[in-house]
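To keep things clear, I will list the structure first and then write my remarks on it.
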Protein chains: 2
Amino acid sequence: MTDNKINKEGRIGAANKQLILNAAEHEFAKHGFKGTRIQQVADRAQLPKTNVLYYFKSKENLYLAVLQQILELWNSVFDEATKDDDPAEVLARYITDKMEFSLVRPEASRIFALEIINGAPNLYGFYKEQHAAWMEGRVEVIQHWIDEGKIQTANAHYLLYNIWACCQHYADFSAQITHLQGKEMDRAEFEEATKSIINLILKGCSLEIPEKYR
Amino acid sequence: MTDNKINKEGRIGAANKQLILNAAEHEFAKHGFKGTRIQQVADRAQLPKTNVLYYFKSKENLYLAVLQQILELWNSVFDEATKDDDPAEVLARYITDKMEFSLVRPEASRIFALEIINGAPNLYGFYKEQHAAWMEGRVEVIQHWIDEGKIQTANAHYLLYNIWACCQHYADFSAQITHLQGKEMDRAEFEEATKSIINLILKGCSLEIPEKYR
DNA sequence: ATATAAGTTGACCAATTGGTCAGGTTTTAT
DNA sequence: ATAAAACCTGACCAATTGGTCAACTTATAT
């Protein structure tokens, strides 16, 4: 049971890896996989390019690590809802969480969007199970409510798509929104937008909007 | 008034240009600007690479031409709505048109999405006026209804964003949807999804759903 | 008929860029 | 102290790829 030190990263490695991952998320979100240069990531992380390759053997490897990190975050945010909770409460909470995610981690959302527009080669290859499980879990909850007559909606899938679409739009299309409104949305405006989505979705399901989300 | 023939394209040129544009739309939608190789476009159009460069001087030029073509289509589809029409009718029609667009021209929608995620450098540079005018026109119509009390919604912008988001999602994220449902959505399913959006948006604005859109 | 423009294309080039490598320094466990 | 592992990085390379060029064929107007 001796602790083998071979191929174990030290403190420096862990810190630098995170530094690089953050820089890479920024660059991949803005330029896509092909459009991102390792040199740009290195510059942003203030490290030499060779150092980036030292920690992440290849560009693809780096991208996969970024995607992995995003998926972990993604899952953790929405894992709380269960089928025994009140639909109105859960949906409102769900939308609030998603919008919070769009506000604080827009770049993560954009990388996810780029991956899917690109045909999701990695999501349905490398992280297939992980991603599928996350989605199936959400569909299951809604379907349960429909079966029990707790919620009025024709199709669990379409409801989820509409929620995802509205919430992710504020991250993925923020350049368009900023341009249209003449300035970046601040937190107050994000909360207003969140209410507009909650209003839309809950009314659409003929649910009462909980007091604290009005 | 003599007809100067210098730099005028003949029939062959017009036909080939369109052939290349169609191929380019396909490739740009799938791989983004940086990820697309001129050779791939040429292969899809079944022409030598040099021939593509002959008609479109550079890759950027080709991309701009594709974007231009998409914007013309985009605008033409939504220019019909006016502020004097019935909001319920117009919104339902608007959503139907957008969903039809997502069904028949998903790649155009994806190029548009990629451009915006990328920060919309060309939309707010080259085609700034064109694009802004299209958006402002839509906002104006909604705002007019709000001012006249014809429609119950807090914010014209957010309403439009939510409509765009839901409809474009079915084009931009079709890879995810296809994966989730195990097969591509057919027209019947698209019509069902369209109804779910109309239901959501109109109920959200406290509008009656017109008979033919139920 | 023929001149002029439009269209075609293989050969080639220069720049970019992902990735390697070897020779170093620093950290860490004992 | 010292050995082993972890970390660092300048120099370099091979492959990709956007774009040029010159020689050629085809179409078209008069």
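Computed from a predicted structure; not experimentally measured. A, B, ... follow the sequence lines: proteins, then strands. Residue 1 opens every chain.
Contact annotation: side chain of A:K49 to base of C:dG18, donor-acceptor pair present below 3.5 Å.
Distance CG (B:L47) to P (C:dT8): 7 Å, rounded to an integer number of Å. Straight-line distance from the NE2 atom of A:H31 to the P atom of C:dG18: 13 Å, rounded to whole Å. A straight line from CD1 of A:I20 to C1' of D:dC8 spans 12 Å, rounded to a whole angstrom. If you measure from atom CD of A:Q39 to atom C1' of D:dA11, you get 14 Å, rounded to the nearest angstrom. Between B:D43 atom CG and C:dT9 atom P the separation is 13 Å, expressed in whole Å. Counting to the nearest Å, the P atom of C:dT17 and the CZ atom of A:F33 are 14 Å from each other. What separates NZ of B:K59 from P of D:dT20 is a distance of 14 Å, to the nearest Å. Nucleotide D:dT17 holds its P atom 18 Å from the CD atom of B:E60, rounded to whole Å.
With a 6.0 Å cutoff to the six-membered ring centre and a 45° limit on the axis angle, B:K195 does not count as a cation-pi contact of B:Y213.
A side-chain donor from one of B:D85 and B:T82 sits under 3.5 Å from a side-chain acceptor of the other.
A salt bridge links A:R105 with A:E25; the closest basic N to acidic carboxylate O contact falls under 4.0 Å. By the 4.0 Å N-to-carboxylate-O rule, B:R187 lies close enough to B:E100 to be salt-bridged with it.
For A:Y54 and D:dC8, the shortest distance from a side-chain N or O to OP1 or OP2 is not below 4.0 Å. Applying the 4.0 Å criterion to OP1 and OP2 of C:dA6, one finds that B:N16 has every side-chain N and O outside that range.
Of the candidate nucleotides C:dT9, C:dG7, D:dC8, D:dC8 has the atom lying nearest to any side-chain atom of A:Y55. For B:K34, taking side-chain heavy atoms from C-beta onward, the closest of the listed nucleotides C:dT9, C:dT17, D:dG19 is C:dT17.
Residues A:L19 and A:A45 approach most closely at CD2-O, 3.5 Å, considering heavy atoms.
Mapping A:R37 and A:K57 onto DNA chain C by nearest heavy atom places A:R37 closer to the 5' end of the strand. Where B:T50 and A:V52 each meet DNA chain D at their nearest nucleotide, the meeting point lying more 5' is that of A:V52.
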